[in-house]
> 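Got a structure for you, questions after.
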Amino acid sequence: MACYQEILKKYWGYDDFRGIQREIIESIGAGHDTLGLMPTGGGKSITFQVPALAMDGICIVITPLIALMKDQVDNLLRRGIKAAAIYSGLAHEEIIITLENCIFGDVKLLYVSPERLSSELFQKKLRHMKVSFITVDEAHCISQWGYDFRPSYLEISNIRKLLPHAPVLALTATATPQVVEDIQEKLTRKTSQTSQTSQTSKTSPTSSTSFNFFKMSFERKNLVYVVRNATDKREQLLHILNSMPGTAIVYTRSRQRTKEVSELLNKAGISATFYHAGLDTSVKDERQQAWQEGRIRVMVATNAFGMGIDKPDVRLVIHIDCPDSIEAYFQEAGRAGRDGRRSYAVLLYNGADKRKLEKRITDTFPSKDYIRQVYEHLAFFYQIGVGSGYNHTFEFNIEKFCHAFRHFPIQVDSALKILTRAGYIEYTEEQDNQARLMFTVSRGELYKLENNTPDEERIITTLLRNYGGLFSDYHYIDEGFLASQTALQPHQVYQILKGLGQRHILHFIPQKKTPYIRYTQRREDKELLQFPPEIYEERLSQFRQRIAAVIRYATDDRICRSRQLLSYFGETENHDCGLCDVCLSHRKEGLVSEPRMNTAMEKILHLLSDGQPHPITDLRGLQLPVGELDTALEYLLQEEYIRQEDGLLSKN
C-alpha cells in the first residue's frame, strides 16, 4: 500500500485515501474482480488511476461519457501521466496510432466507449496489449434492471474472453441491491471456481460470484434534500435562486424548456445559459466553460449535462421537472456540494407532475401492436421488402418519419429502442459525424493567397501540419484539437473554417448529429415479431416501480428525505438528517411554532450583527424561553448562519 500512497502523493498531492478507496485499490491490485459503489463525488477515478500507475501494463477504462474521457485524459496528461482515449469522431489514422502506442507500452490508461469494444480493429489490437485490468465506469449500464441500460455494455463479457487473466473493476454511483447482483452476474469470469467474496456492505448481494464488493454509504451530510409543493414553479424557482447565493444547476425534461427557463432567469437578472445534447459541440463546450469559471451562475439543462463535470462549489441543484427514477434524481442532485459545504437539492412538485409521470409509462412502453406498426412503417419508409434489408444502415430523420406516418416522436423513439432490445434493428441516437474538409485550391495557390487574417493563417498552418492528403480527399478533423493548437476558442475555429469555405479556399462539412438505423436481421412480417417478457413485461414492471418510487418520494412528508433516498438503495439503518423540509416541519410542530422561532432567530442574529464574537452566555440576556432559544440556536448553527468556536458565537 505504501507504493499506492506514494503515487497518490506524487501525482495528486493527497496524503491519504478516503472512504473505501484504499480497499478497492488493494483488491484490484491483488488481481481480484472488484465492484465499488461510491456516491457522486466519492472519488471513483482515484480507485483505478492509482493502481493503473502501480501495475505493469495498461488499464482499459470503459465509459459511455465522451466528455468525461476528454476531461480525464487532459487532467492525467497535465499531471505527467500517459493516457489516451478512443471515441467516435476520431480519424482512422488517429485510432491506429493510439492503439499502436498502447501495444508498445507508451500509454498507462486507455479510455474507450462501449461501442468500440465490438470493433474488429480494436479487438485485433487488444490481443497484443499487456492489460493490467479493465475498469467499467457507470457499471449500472450493464444491467437490464438498471435505470440506464445500454446494450453495448454487454460486449464487455466478450472482451473478458479475450483477456482471461485481466481482473475487472466495476464502478457506479447509483445501484439498487438487485442491480448490484446483476452487474456481478454479467461481468463474472465464467470459470469452474469462484473465490470468497469480500463483503463490506450490509446490503451485499446474495449470489456467489468472484467479486470483492465494497460500498460507501450514500449519505451526504452536507447535502439537504427538499421537496417544494409549487403551484407556480417559475415563481418558486426565482424565489429560491434569489434567496440563496452560489452556482446552481436547474434540470428540465425537454430541450425547449431549457431555453425558456434560461430566458426567464436572465430577464429576472439572474445570469443563466442552457445546455442539451442537440447543441453543437463548440457551443456546449463554450457554455460549460463559462459556467465552470463562474461567468454564468445558473446552467439550465437536460440530463445530458453534469456527468463527469467536476465543479465542487455547486450550492444548489433544482429539478423543475421530475426525473424518471430515484437513481437519476440522486445522481443529478449529488452534483451539489462536492466541496463538503452545505448545499441544497430541491425538487419542485405539484399535482400535475403525478399525471405526467404516469403518462411516461405509456410513452416509454407503447403497446406491442403500436411497436409492430412502427416496424412496418419503417420498412415502408426505406422501401424494404419482407425477407430483405439485413445489415443495411440508414440515416433516420425522426421528424420526417413522424410527419409521413402521423406518429409522435416520443413513442417512436421508445418503440425503436424496444425493437433494438428485441434484436430486430439497431437504433443509434444522434451519433456524432465528425467535421470534414478538403482544400479546393492547390498547394501552390494556397501559398500565393493574400489578405488572410492572422487567425486564418494559423488555422491553415495547423491543418497542413497535422492532417495529410487534404488536397486530394476529405479528411475528418477535430475542431477542439485545432482550437487547442491555435489558442482559439472552438466557436472561432468553426467561424474561420466557414469563412474559408465561403471564399472557396476549402470545402468544410461541419459536424452534425445523425440518428442511424441498421437492420440486424432480415425484415419480418410484423405479425411474426416476438417480444419476450424480459424485453417488455418485466422491464415495464420495473419502470412502473421506478415511477411509483419518485411519486412516493415527492409526496411522503412523514419520513426524512435523506432516509427515503438511502432506504431505496438498501441502507435501512440511518437517521433523520434534521435539515430537510420534512425534518424541519416535524421539529417546528413538536417544539415551537414558526413565527415564534423566527422571532428568536431574529434576536440572536441582531445580537451578533456587530460582527464581534459573543460568549454563548450572552444569549441569556435575550429573555427567550429555553425551548425557543435552543431550537433557534440549533437551526442557525446547522444552516451555517452562525458558527460556534470555543464557546463563542459569531455571524457567518
Side-chain angles (χ1 to χ4, degrees), residues 4-19 21 24-25 28 36 38-55 57-87 89-90 94 98 101-102 106-113 116 132-138 169 171-173 247 275 281-282 284-294 299 305-314 331 334-335 337-340 478-485 487 489-490:
Y4 298 134
Q5 209 149 336
E6 288 168 12
I7 291 171
L8 182 72
K9 181 67 175 177
K10 177 180 177 181
Y11 290 102
W12 283 271
Y14 301 136
D15 292 319
D16 203 355
F17 298 100
R18 59 191 176 97
Q21 287 177 332
I24 291 175
I25 290 169
I28 194 66
M38 306 175 74
T40 302
K44 285 191 296 177
S45 58
I46 290 288
T47 64
F48 61 85
Q49 290 171 352
V50 168
L53 295 178
M55 299 165 70
I58 183 171
C59 171
I60 306 295
V61 184
I62 301 165
T63 175
L65 310 171
I66 291 178
L68 177 63
M69 285 188 203
K70 294 178 178 177
D71 288 346
Q72 291 208 0
V73 169
D74 288 344
N75 288 333
L76 290 168
L77 292 173
R78 280 195 293 270
R79 297 179 193 276
I81 298 169
K82 295 176 180 178
I86 293 177
Y87 46 86
L90 286 179
E94 292 177 283
T98 300
N101 287 339
C102 294
D106 197 39
V107 176
K108 291 300 293 181
L109 294 109
L110 174 65
Y111 289 77
V112 297
S113 61
R116 181 66 49 185
S132 54
F133 64 98
I134 302 166
T135 298
V136 181
D137 197 15
E138 308 297 335
L169 170 58
L171 298 167
T172 181
T247 303
Y275 185 110
T281 301
S282 59
K284 288 191 289 188
D285 290 344
E286 183 182 356
R287 291 181 181 181
Q288 179 181 317
Q289 187 174 358
W291 177 78
Q292 292 213 218
E293 292 175 355
M299 180 66 80
F305 179 78
M307 295 190 78
I309 304 302
D310 186 18
K311 184 168 173 60
D313 61 344
V314 177
Q331 189 167 61
R335 287 163 194 149
R338 293 190 184 184
D339 56 4
D478 185 336
E479 294 169 56
F481 173 74
L482 290 176
S484 66
Q485 294 294 302
Q489 293 296 319

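This chain uses plain numbering: 1 for the first residue, then up along the sequence. Computed over heavy atoms, backbone and side chain alike; hydrogens, waters and symmetry mates excluded.
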> Answer yes or no: is there a side-chain heavy-atom contact under 4.5 Å between K284 and F305?
no
> Within the structure provided, determine whether I60 and V112 are in side-chain contact (heavy-atom separation under 4.5 Å).
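I60 vs V112: side chains touch.
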> State, yes or no, whether a side-chain contact exists between L169 and I24 at a heavy-atom distance under 4.5 Å.
yes
> Can you find a heavy atom in the side chain of L53 that is under 4.5 Å from one in the side chain of I81?
yes
> At their closest point, which heavy atom of L76 faces which heavy atom of A83, and how far apart are they?
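Smallest heavy-atom distance, with atoms named: CD1-CB, 3.7 Å.
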> Could you measure the distance from the SG atom of C102 to the NZ atom of K82? Nearest 0.5 Å is fine.
11.5 Å
> After noting the C-alpha distance and the side-chain angles of E138 and K44, does the key distance pass the salt bridge (Lys or Arg N to Asp or Glu O under 4.0 Å) rule?
CA-CA 10 Å; E138 308 297 335; K44 285 191 296 177; 3.6 Å; yes
> If only atom types and distance count, is the side chain of Q72 paired as donor or acceptor with the main-chain N or O of M69 below 3.5 Å?
no
> Output the distance between atom CH2 (W12) and atom CD1 (I46), rounded to the nearest 0.5 Å.
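If I round to the nearest 0.5 Å, the distance is 5.0 Å.
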> So, for T47 and M38, which heavy atoms are closest and what is the spacing to 0.1 Å?
CG2-SD, 3.9 Å
> Ignoring hydrogens and geometry, is there a side-chain-to-backbone donor-acceptor pair from S132 to I58 under 3.5 Å?
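Between the backbone of I58 and the side chain of S132 there is a qualifying donor-acceptor contact (under 3.5 Å).
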> What's the shortest heavy-atom distance between R18 and G43, and which atoms?
NH2-N, 3.9 Å
> Any heavy-atom pair between the side chains of F17 and V50 that's under 4.5 Å?
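Side-chain contact under 4.5 Å: yes.
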> For the residue pair L109 and V107, what are the closest heavy atoms and their distance?
O-CG1, 3.2 Å
> Nearest 0.5 Å, what's the CG-CZ distance between L110 and R116?
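The CG atom of L110 sits 10.0 Å away from the CZ atom of R116.
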> Kindly compute the distance separating CZ (F48) from CG (L171), expressed to the nearest 0.5 Å.
7.0 Å
> Do Q5 and D15 touch side chain to side chain, with heavy atoms closer than 4.5 Å?
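Contact flag for Q5/D15 side chains = no.
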> Please check if the side chain of Q489 supplies one atom and the backbone of E286 the other of a donor-acceptor pair under 3.5 Å.
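The answer is no, because no donor-acceptor pair under 3.5 Å joins these two groups.
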> Can you tell me how far CD of Q49 sits from NZ of K108, rounded to the nearest 0.5 angstrom?
13.0 Å
> Give the C-alpha distance, both sets of side-chain angles, the deciding distance and a yes or no for side chain to side chain contact (heavy atoms under 4.5 Å, CB included) between C59 and T135.
CA-CA 7 Å; C59 171; T135 298; 3.4 Å; yes
> Using side-chain heavy atoms (C-beta onward) and a distance below 4.5 Å, is K311 in contact with W291?
yes
> What closest approach, in Å, do P51 and Y4 show between heavy atoms, and which atom pair accounts for it?
CA-CE2, 4.1 Å
> Kindly indicate whether the side chain of K9, heavy atoms from C-beta on, has any atom under 4.5 Å from the side chain of Y14.
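No. Closest side-chain heavy atoms not under 4.5 Å.
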> Kindly compute the distance separating CG (L8) from CD1 (I25), expressed to the nearest 0.5 Å.
7.0 Å
